[in-house]
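As structure tokens, the structure follows; a few thoughts come after it.
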Amino acid sequence: VCEWHEGMRVVMCYAPFVPYALADGLTAILPDMDFSRPGAAHPRRVVQALADHGASCAFASPIIWRHLSRYCERRGIVLPALQRAVTAGAPVPARLHRRLGPILGPGGRLYTPYGATEAMPLSTTNTEELAGTWDRSRSGEGTCVGRPFSGIDLWIIRVTDDPIPRWSDELPVRPGDVGEIVVGGAVVSPAYPLRPDDTTQAKIRRDGRLLHRMGDLGRVDAQGRLWFCGRKADRIQTRHGMLPAQAIENIFNEHPMVFRTAVVGVGAPGAAIPVALVEMEEKAAFSSDVVTELRSLAEGTRFAGTVQRFYSHPAFPVDARHNSKIRRDELARWATRVLGREGTV
């Protein structure tokens, strides 16, 4: 667990967490950035805040850490005082852990807590603990987010978009299978104020308490670790079954010239065609060779041959809060228009 202690200097690149830092007795350092646009934060200014104040911890959205790690890597910058880099708001690729490692101080780690506004925190993990999971992630098994905290009850249930008013022992999937993540515990919110329909959709009653449906796909491995496999709303319903988008993206994201990918479905649920959209690294060019290499990365995994269409995209649309969570619904509409022009849908 990433532990705080009074007096710790923390660079905060996410304004809503500043009051919590102050309440815990931390010294909060705010870098020179527009907090409403984290993706536009210049890494030089974040690095300057870390170095000038000798901060031992920092919280930032994944996009900030991605830009900072590339900036430091290219310039040979090391931040010896920084022991704890913390991020949340979107899945964190293994490459970011690997890039940040040489930049952090001795024994420094990137911590990646998992949760939601309605249930937070649920689990956490870090670079050291994840080192043995990266081969499984690049094989399409999802992203490990650690073991649930004490006091958190967690189940994986069958995937459905229908409300589930009451718990049934028939809901859980087989051990190891992918399903929707459901949690219970003191951190779970009881309802959405003034939004009864949303409350009905997201809550399950069990033995006098409310459980929360995370809206995330995941599974639990034999060691009791939770693996995130993408948002339920982003799943792709093909003729051959459900595809968890984010688990497939982990495979393609291992390509050294690729910044990130998004796998979306084009067509009606139950007959959707999986399409991979590719955002390249700076100064890297998308080409037929890249497509061939992306296909080869999937060989030997459970998703070999699943995705046959790859298209370059200039800049993925992302969420407003962290500028890190990919808006796959918009990308799906973009891909639909592209395939429509080609006459393939």
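Just so you know, these numbers use all the heavy atoms, side chains as well, and skip hydrogens, waters and symmetry mates.
- Put simply, Leu217 and Met214 are part of two different groups of oily side chains (I, L, V, M, F, W, Y) that touch within less than 4.5 Å, one to the next.
- With Arg9 contributing its side chain and Ile29 its backbone, the two residues share no donor-acceptor pair below 3.5 Å.
- The shortest non-hydrogen separation linking Ala28 to Met12 is CB-CG, 4.5 Å.
- To the nearest 0.5 Å, atom CD1 of residue Ile273 and atom CG of residue Leu339 are 6.0 Å apart.
- Using a distance-only test at 3.5 Å, with no hydrogens or angles considered, a donor-acceptor pair links the side chain of Asp319 to the main chain of Lys325.
- Aromatic ring orientation, His42 versus Tyr71: perpendicular (interplanar angle above 60°, classes split at 30° and 60°).
- A donor-acceptor contact shorter than 3.5 Å is absent between the side chain of Trp65 and the backbone of Phe59.
- Note: the hydrophobic cluster containing Val173 does not contain Ile204 (ILVMFWY, side chain heavy atoms under 4.5 Å, direct or indirect links).
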task: Report the C-alpha separation of Asp161 and Arg235 in whole Å, then their side-chain angles, then the decisive distance to 0.1 Å, and conclude whether the salt bridge (charged side-chain N to carboxylate O under 4.0 Å, His left out) test is met.
output: CA-CA 11 Å; Asp161 292 320; Arg235 72 191 189 276; 2.9 Å; yes
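- Results of the salt bridge (charged side-chain N to carboxylate O under 4.0 Å, His left out) test with Glu249 over Arg231, Arg328, Arg260 single out Arg328 as the only residue that passes.
- No side-chain heavy atom of Pro102 sits less than 4.5 Å from a side-chain heavy atom of Glu73.
- The two residues Ala298 and Thr301 come nearest to each other via the heavy atoms O-OG1, 2.7 Å.
- At distances below 3.5 Å, at least one donor-acceptor pair connects side-chain atoms of Thr199 with backbone N or O atoms of Tyr192.
- Between the side chain of Gln308 and the backbone N or O of Pro274, no donor-acceptor pair lies under 3.5 Å.
- To the nearest 0.5 angstrom, Glu279 atom CD is 8.0 Å from Ile326 atom CD1.
- Between Glu342 and Arg309, no side-chain nitrogen of the basic residue sits less than 4.0 Å from a carboxylate oxygen of the acidic one, so the salt-bridge criterion is not met.
- Checked against the 6.0 Å centroid criterion, the rings of Tyr14 and His322 qualify as a close aromatic pair.
- Under the side chain to side chain contact (heavy atoms under 4.5 Å, CB included) rule, Ser69 has a single partner from Leu110, Leu104, Leu100, Ile64, which is Leu100.
- Annotation: side chain of Arg66 is not in contact with side chain of Arg70 (no heavy-atom distance under 4.5 Å).
- Side-chain N/O atoms of Asn250 and Gln246 include a donor and acceptor closer than 3.5 Å.
- Residues Val145 and Val187 are members of one and the same hydrophobic cluster, defined by side-chain heavy-atom contacts under 4.5 angstrom among Ile, Leu, Val, Met, Phe, Trp and Tyr.
- A chain of hydrophobic side-chain contacts below 4.5 Å, direct or via other Ile, Leu, Val, Met, Phe, Trp or Tyr residues, connects Ile103 to Leu96.
- Contact detail for Gly267 and Ala272: the closest heavy-atom pair is O-CB, 4.1 Å.
- Listed by chain and residue number, nothing satisfies the salt bridge (charged side-chain N to carboxylate O under 4.0 Å, His left out) test with Glu170 (two or more places apart in sequence, or in another chain).
- Proximity of a side-chain donor or acceptor of Arg219 to a complementary backbone N or O of Glu141 within less than 3.5 Å is detected.
- Here the CG atom belonging to Asn323 is positioned 7.5 Å from the CD1 atom belonging to Ile63, to the nearest 0.5 angstrom.
- Salt-bridge check for Arg99 with Glu281: passed, with a basic side-chain N closer than 4.0 Å to an acidic carboxylate O.
- Put simply, OH on Tyr311 and OG1 on Thr261 are 15.5 Å apart, with the number rounded to the nearest 0.5 Å.
- Salt bridge status for Asp153 with Arg209: present, with a side-chain N to carboxylate O gap under 4.0 Å.
- Residue pairs satisfying the ring-ring contact (aromatic ring centres under 6.0 Å, His included) criterion with at least one member in residues 215-265, sequence neighbours excluded, are listed as follows: Phe252-Phe310.
- When all heavy atoms of Ser61 and Thr87 are compared, the closest pair comes out as C-OG1, 3.3 Å.
- Nearest heavy-atom pair across Pro62 and Ala90 is CG-O, 4.0 Å.
- Of the possible polar contacts, none joining the Arg295 side chain to the Thr292 backbone as a donor-acceptor pair under 3.5 Å is found.
- To the nearest 0.5 angstrom, Leu226 atom CG is 5.5 Å from Leu154 atom CG.
- Under the 4.5 Å side-chain criterion, counting only non-hydrogen atoms from C-beta, Thr125 is not in contact with Thr133.
- Salt-bridge annotation for Arg109 and Glu129: absent, with no side-chain N of the basic residue lying under 4.0 Å from a carboxylate O of the acidic one.
- The hydrophobic clustering, which links ILVMFWY residues whose side-chain heavy atoms are closer than 4.5 Å, places Leu210 and Val188 apart.
- For the atom pair Ile181 CD1 and Trp155 CH2, the distance stands at 13.0 Å (nearest 0.5 Å).
- Closest approach of Ala15 to Phe35, counting heavy atoms only: N-CD2, 3.8 Å.
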